[in-house]
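In what follows, chains are A, B, ... by sequence order, proteins preceding strands, each numbered from 1.
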2 protein chains.
Amino acid sequence: MGSAERKEREKAELKELILTASKKILLSEGQEGLSIRKIAKAIEYSPATIYLYYTDKDAILHELMEIGFEMMNKYISGAFTEADPIKRIHETGHAYVKFGLENKDWYHLMFNSDKPMKHIEKCKEDWDQGMSMFQFLVDSCSEALNMMGGSKLDPKILALQLWSCVHGLVNLAQTERLEIVETDQTHELISKTLESMLISVFHR
Amino acid sequence: MGSAERKEREKAELKELILTASKKILLSEGQEGLSIRKIAKAIEYSPATIYLYYTDKDAILHELMEIGFEMMNKYISGAFTEADPIKRIHETGHAYVKFGLENKDWYHLMFNSDKPMKHIEKCKEDWDQGMSMFQFLVDSCSEALNMMGGSKLDPKILALQLWSCVHGLVNLAQTERLEIVETDQTHELISKTLESMLISVFHR
DNA sequence: TGTTTTACTAAACAGTGTTTAGTAAATTTG
DNA sequence: CAAATTTACTAAACACTGTTTAGTAAAACA
């Protein structure tokens, strides 16, 4: 009778084992190196077994994406407590970029790949971590606009403007496009551009 | 004697044939659907033959990238003649985004993929079309800053700020991330954000 | 003990990029 | 013109990829 619960626990354990193995491979070999067969070898099961625990490779990537959002939260959470909305946006932006540069493969999973997105018909429900992060930015923008007074700017559009900029910067850096702007100056370029962006929006 | 030239011409013709076939497949089936075997079938040669004309698949992708830049030029060239630098930047931005949205696979090849980049050790020499496009933006920014007078902003940084924003927007749109900001409003969001960006930088 | 369910896997399918060895035809040479 | 050589090409294989199917042991239940 009680064995049913044990079974379920074991099943959850193997599912977790698959995930931690995937995580390890993603870290050591990147998204390109993450294959079902490699995961299978790492956990010492056959490739087919993985399909008894995850419907797809995409399903695994989707779980990794969620882990990625938790990782990102650790970078950004420091900004949550900042009272001044503009300073808060500053901190968030820098943390966002830092995360993107230090966790290329995770960033890709979260913001570039449409693979784990294909896994999302429900879209909004399943990208809720990303959505609430964006909402946090919208709220901060709203606060900042109120503070600056009398602005007819849409906080949503402003948030999207900021997001696009940092997203673009991270992508350009990751694909080495910033090298053509100025060689070996990626970090410098990013912080300067981010600063320029925030000044042109908030005038300080 | 003269047959040597004919031979060379035929060799160039087949090389061109491979490229046009690749182009067709990229258009109809996207980057995912573009495989060596499919190209071979399209031109009615064996897969191995392709490697007598291109060292790599990456080499083909690189050629397609260059075609992409020529396509993009047609979108942007309209802005070249605009005398007012700010208006010119406006037009360029809109054309850039339009190209990105209408030519997803090409855009990806040009600005996201590091595959044809791997093919570039010389980097700067081989991405020269992209580089001169960026230089055009830098020059326009420089002009605009001079016109506005007494700005201590770096035109290079300003250009990068604008590029990041449009690049980010195109990517977010292509990966359906804008759907989470507002459903079925992608185009509207983009033009509003682009406009907001330009206003916050040039105050009009 | 016998039956049923569960957990797992070997092997295959349909792809991918790429390399190697071998062949048939065109060209050059004696 | 015939023989030797070069050129142009390909079949087949290698090492991968994600995924499915059919079949097998072992565990659980009756």
Query raised in the report: Quick check: does any side chain N or O of B:K57 sit under 3.5 Å from a backbone N or O of B:L34, one acting as donor and the other as acceptor?
Result: yes
Requested in this report: Could you state the atom-to-atom distance from CD1 of B:I50 to P of D:dA8 in whole Å?
Outcome: 17 Å
Query raised in the report: If you check every side-chain atom of B:Y45, which of D:dC9, D:dA11, C:dT9 has the closest atom?
Result: D:dC9
Query - B:E44 CD to D:dT10 P, straight-line distance once rounded to whole Å - result: 10 Å
Query raised in the report: Hey, does B:L34 reach any base, or is it just sugar-phosphate, or nothing, if we go heavy atoms under 4.0 Å?
Result: sugar-phosphate
Report task. Would you check if the distance from the ring center of A:Y53 to the ring center of A:Y45 is below 6.0 Å? Result -> no
Query raised in the report: Within the pair B:S35 and C:dT16, is there a side-chain N or O less than 4.0 Å away from OP1 or OP2?
Result: yes
Query - Between P of D:dG18 and CG of A:D58, the distance in whole Å - result: 11 Å
Query raised in the report: How many Å lie between CG on A:L52 and C1' on C:dT5, as a whole number?
Result: 14 Å
Query raised in the report: Can you tell me how far C1' of D:dT19 sits from OH of A:Y54, to the nearest Å?
Result: 17 Å
Report task. May I have the distance from A:I36 (atom CD1) to C:dT9 (atom P), rounded to whole angstrom? Result -> 14 Å
Query raised in the report: Among C:dG17, C:dT20, C:dA10, which is the nearest nucleotide to the side chain of B:K57?
Result: C:dG17
Query - A:Y53 side chain near C:dA7 phosphate (N/O to OP1/OP2, under 4.0 Å) - result: no
Query - Nucleotide nearest A:K38 when distance is taken to its side chain, options D:dA8, D:dC9, D:dT17 - result: D:dT17
Report summary line: On a heavy-atom basis, the closest approach of A:I50 and A:A40 is CD1-N, 3.6 Å
Query raised in the report: Looking at D:dG18, does its base get a donor-acceptor pair with the side chain of A:R37 below 3.5 Å?
Result: yes
Query raised in the report: Do the side chain of B:Y54 and the main chain of B:K15 share a donor and acceptor less than 3.5 angstrom apart?
Result: yes
Query raised in the report: Between atom CD in A:E13 and atom P in C:dC8, what is the gap in whole Å?
Result: 12 Å
Report task. Assign B:T49 to base, sugar-phosphate, or nothing according to its heavy-atom contacts below 4.0 angstrom with the strands shown. Result -> base
**Report entry** Pair A:F111 and A:F99, ring centroids less than 6.0 Å apart
**Finding:** no
**Report entry** Phosphate-side-chain proximity, A:Y51 and C:dC8, N/O vs OP1/OP2 below 4.0 Å
**Finding:** no
Query raised in the report: How many Å lie between CG on B:L61 and P on C:dG17, as a whole number?
Result: 9 Å
